[in-house]
There are 2 protein chains.
Amino acid sequence: MDLSDRKKKILSAVIETNVKSKKAEAVSSKQLQEEYLPKLSSATIRNELNALEEMGYLTHLHTSSGRVPTKEGYEKYISELMREKKLTTREKENIQSNFANKLISIRDIIERSAKTISKATNYTSIVYSGPSNRAVIKDIKLYPVSPTTQLVVVVTNENVINELTYLGTNNEDDLKSASDILKELFIGKPLSLIKNRDFRNKVVTKELTKYKTVFDRVLDIISAESNNISNNLSIAGKDKLMEYSEFNDIEKFKKAVSIFENHESLIPIFDNSDDLEVSINVGSDDTGLEDCSVIKITCNINDGTKITAGVVGPMRMDYSKAVSVLKEVAETIENTLNTEGDYDE
Amino acid sequence: MDLSDRKKKILSAVIETNVKSKKAEAVSSKQLQEEYLPKLSSATIRNELNALEEMGYLTHLHTSSGRVPTKEGYEKYISELMREKKLTTREKENIQSNFANKLISIRDIIERSAKTISKATNYTSIVYSGPSNRAVIKDIKLYPVSPTTQLVVVVTNENVINELTYLGTNNEDDLKSASDILKELFIGKPLSLIKNRDFRNKVVTKELTKYKTVFDRVLDIISAESNNISNNLSIAGKDKLMEYSEFNDIEKFKKAVSIFENHESLIPIFDNSDDLEVSINVGSDDTGLEDCSVIKITCNINDGTKITAGVVGPMRMDYSKAVSVLKEVAETIENTLNTEGDYDE
DNA sequence: TGTTAGCACTCAATTATAAAGATTGCTAAA
DNA sequence: TTTAGCAATCTTTATAATTGAGTGCTAACA
């Protein structure tokens, strides 16, 4: 249903006034008249507010307080009324500067992104990286330790895996030979490839089966770690939430802190995003938080890695600013990671 | 000043009852009589409480509420009255199991320690590792990227450094020769050694000065990173605090969350510990938190690394349990790290 | 038909007052 | 030295009264 221009103006004004207010204060007809519509009487505005309420975009806390936007009101605003806030050059530079000057690991990228977003938006930010092909094996070494224990060290350009295990032999020469074969086979290969059973079997069976136990165990360790480092989540600005009066209720705030502290439950929300564009979920229940909104954007990296960056904030949030910041960060991430592939062996 | 046995018993009873209570309730003479001293009348106990108050160990919230321990009361209790709680075999195994089965990096150790402590004590835990000699250089590679940019990759057993920089040349052969020399000089050397100017000059000037620019830049990068990874702090269980009624005041809780979220200010507290033994700071102001206590213990690793593990909790805290857990964790850390040196190349 | 002034009505927020309950300090007796 | 008894103190809870912001509705007006 289409709104008259005046209704649009009033709905936007209610939302923007409410968002700006420190304490989530309801917006009264008088306030709207004084600040947005001096040519109308408050009674006229009241009529309009009433109409907007009947359409479901606004609501009442009680008979005699001003209006507050509903979930539907925010959705209408986001889809039709909101104008995207242009970032200033200074803001853009500020964001970009956080990624300048270094080639960085995925872990590094998501941590920096989360911090950057939370600083720029003043909301809590979550950045998640899906399975990645970026980690490439640089070195594999096997050390004898004791008859029943050997040390496996695998170095990638993203991290170092080291794990004690039992390889079936503690003979230094055997371990040397086995690791030489492994090195020849796998150095330069992405970690994620090792998870692929077909690839493993194809490559390994060609060789001597003498070291089968060693190979299996080492490749299992690599596979496991590959799953591990490919699921990376970073949260920044957990303390931002508390600036919003929605969380002045101590129970709500405690719940929020607890959810962010034990953040496994948040992964699914950021994992299944195929969206190229910004996605906004108003009043998202999935977070486990009441009346919170989640905005997210997915970056597609050349090598197939997907990074999803988002903010979590109160439903009453500055969507426009958040969207602009997310877009800028996403673009910066893609630029940083996609122009780099050439020389990263 | 020495207390009579009865006074000792009463002071301990007040503290233990207060600590056990959910809501930091003051302890009354009647309660003490019923639960600890059935043979005395409440009036007698009141007289003793009064005496203990005059000595500074207890205080009043207002005329007609029970007694609450003061900072001095806790200190007296800790130094003279408290008996250290023995952990059960099960609790010990629980702690140790968190460190089993893997050779781990310092980062890993401090994260695991913090989680373990916070789980075992139900307080927030902070673990800090001072400068370390553990990171040993495993590989150094230099890649040409563009006339003005080269990529430096340094692999250690603790992490991977990669940084874009300008090395003065983009010639592949030159970079190869330079990195070969660097590898020969530095592989197997601890990262921390590179910071040492004397060592650098001594080792590098012996060689051709042809690659001086390259050497200087690469070693600078390593030095910088060495400073970086040697100062490691991990916090776990930030949400534990909120279970204690002291933090039901939303402002206090917010402050605590904010301090833990931006934790730089906590480093000095955990950095300057020379103590081998447990140190307890009741009502520590250094944290920026009101009426909080900090308990910490320092582990000395063979290679000179110092790891300080601690808990932060309300002044009204179970000191006995916390001390036992810290001691157990410290011992486990030392065992884990000190028996491992042999086979970690 | 859309706009507006005016006024009764509603309900949260604030303030005031009273009553109940827990605990102490003190006194005097055991 | 210990204890019973009691007034005094101060929090907590409950209840009531007051205030004030803001709406909804009606009737008049452009």
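A, B, ... follow the sequence lines: proteins, then strands. Residue 1 opens every chain.
We find that CD1 of Ile45(B) is positioned 14 Å from C1' of dA4(D), with the value rounded to whole Å. Here the P atom of nucleotide dT23(D) and the CD atom of Glu25(A) are 14 Å apart, to the nearest Å. When the P atom of dT24(C) is taken as reference, atom NZ of Lys30(B) falls 11 Å away, rounded to whole Å. Look at CD on Glu53(A): it is 16 Å from P on dG22(D), rounded to the nearest Å. Put simply, CD on Gln33(B) is 15 Å from C1' on dA22(C), counting in whole angstrom units. Summarising the geometry, the separation between CD1 on Ile10(A) and P on dG2(C) is reported as 14 Å, rounded to the nearest angstrom. For the pair Leu52(B) CG and dT24(C) P, the computed distance is 13 Å after rounding to whole Å. When rounded to the nearest whole Å, the span between CD of Gln31(B) and C1' of dA22(C) equals 11 Å.
Side-chain nitrogen and oxygen atoms of Arg67(A) include at least one within less than 4.0 Å of the OP1 or OP2 phosphate oxygen of dG24(D). For the pair His60(A) and dG24(D), the criterion of a side-chain N or O lying under 4.0 Å from OP1 or OP2 is met. Distances shorter than 4.0 Å separate some side-chain N or O of Asn50(B) from OP1 or OP2 on dG25(C). Regarding contacts with the backbone of dT23(D), every side-chain N or O of Thr63(A) stays at 4.0 angstrom or more from both OP1 and OP2. When the side-chain nitrogen and oxygen atoms of Arg6(B) are compared with OP1 and OP2 of dT2(D), one or more of them lie within a distance under 4.0 Å.
Among the protein residues, Ser29(B) comes within range of the sugar-phosphate backbone only, with heavy atoms under 4.0 Å from sugar or phosphate atoms but none that close to a base. Using a 4.0 Å heavy-atom criterion, one finds that Leu40(A) contacts the sugar-phosphate atoms exclusively. Within 4.0 Å (heavy atoms only), Ser65(B) reaches sugar-phosphate atoms of the nucleic acid but no base atom. Using a 4.0 Å heavy-atom distance criterion, Asn47(A) is classed as a base contact.
Contact check for Leu266(A) versus Asp286(A): no side-chain heavy atoms found under the 4.5 Å cut-off.
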| Should Leu58(B) and Thr70(B) be marked as a side chain to side chain contact (heavy atoms under 4.5 Å, CB included) after you check the CA-CA gap, both sets of side-chain angles, and the distance that decides it? | CA-CA 5 Å; Leu58(B) 295 177; Thr70(B) 60; 5.5 Å; no
| message | Please determine whether side chain to side chain contact (heavy atoms under 4.5 Å, CB included) holds for the pair Leu11(A) and Lys76(A), giving the CA-CA distance in whole Å, both sets of side-chain angles, and the decisive distance to 0.1 Å. | response | CA-CA 9 Å; Leu11(A) 179 54; Lys76(A) 186 80 175 177; 4.1 Å; yes
| salt bridge (Lys or Arg N to Asp or Glu O under 4.0 Å) evaluation trace for Asp291(A) with Lys71(A) | CA-CA 9 Å; Asp291(A) 296 335; Lys71(A) 181 164 141 58; over 6 Å; no
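Scanning atom types as modelled, no donor and acceptor separated by under 3.5 angstrom connect the side chain of Ser64(A) and the base of dT23(D).
Residues Val282(A) and Met315(A) come closest through the heavy atom pair CG1-CG, 3.6 Å.
The side chain of Arg46(A) sits closest to dC25(D) out of dA4(D), dT24(C), dC25(D).
Nearer the 5' end of DNA chain D, as judged by each residue's closest nucleotide, is the contact made by Leu61(B), out of Val27(A) and Leu61(B). DNA chain D is contacted by both Ser41(B) and His62(B); Ser41(B) maps to the nucleotide lying nearer its 5′ end (nearest heavy atom per residue).
Atoms OG1 and CD1, from Thr121(B) and Ile295(B) in turn, are 8.5 Å apart once rounded to the nearest 0.5 Å.
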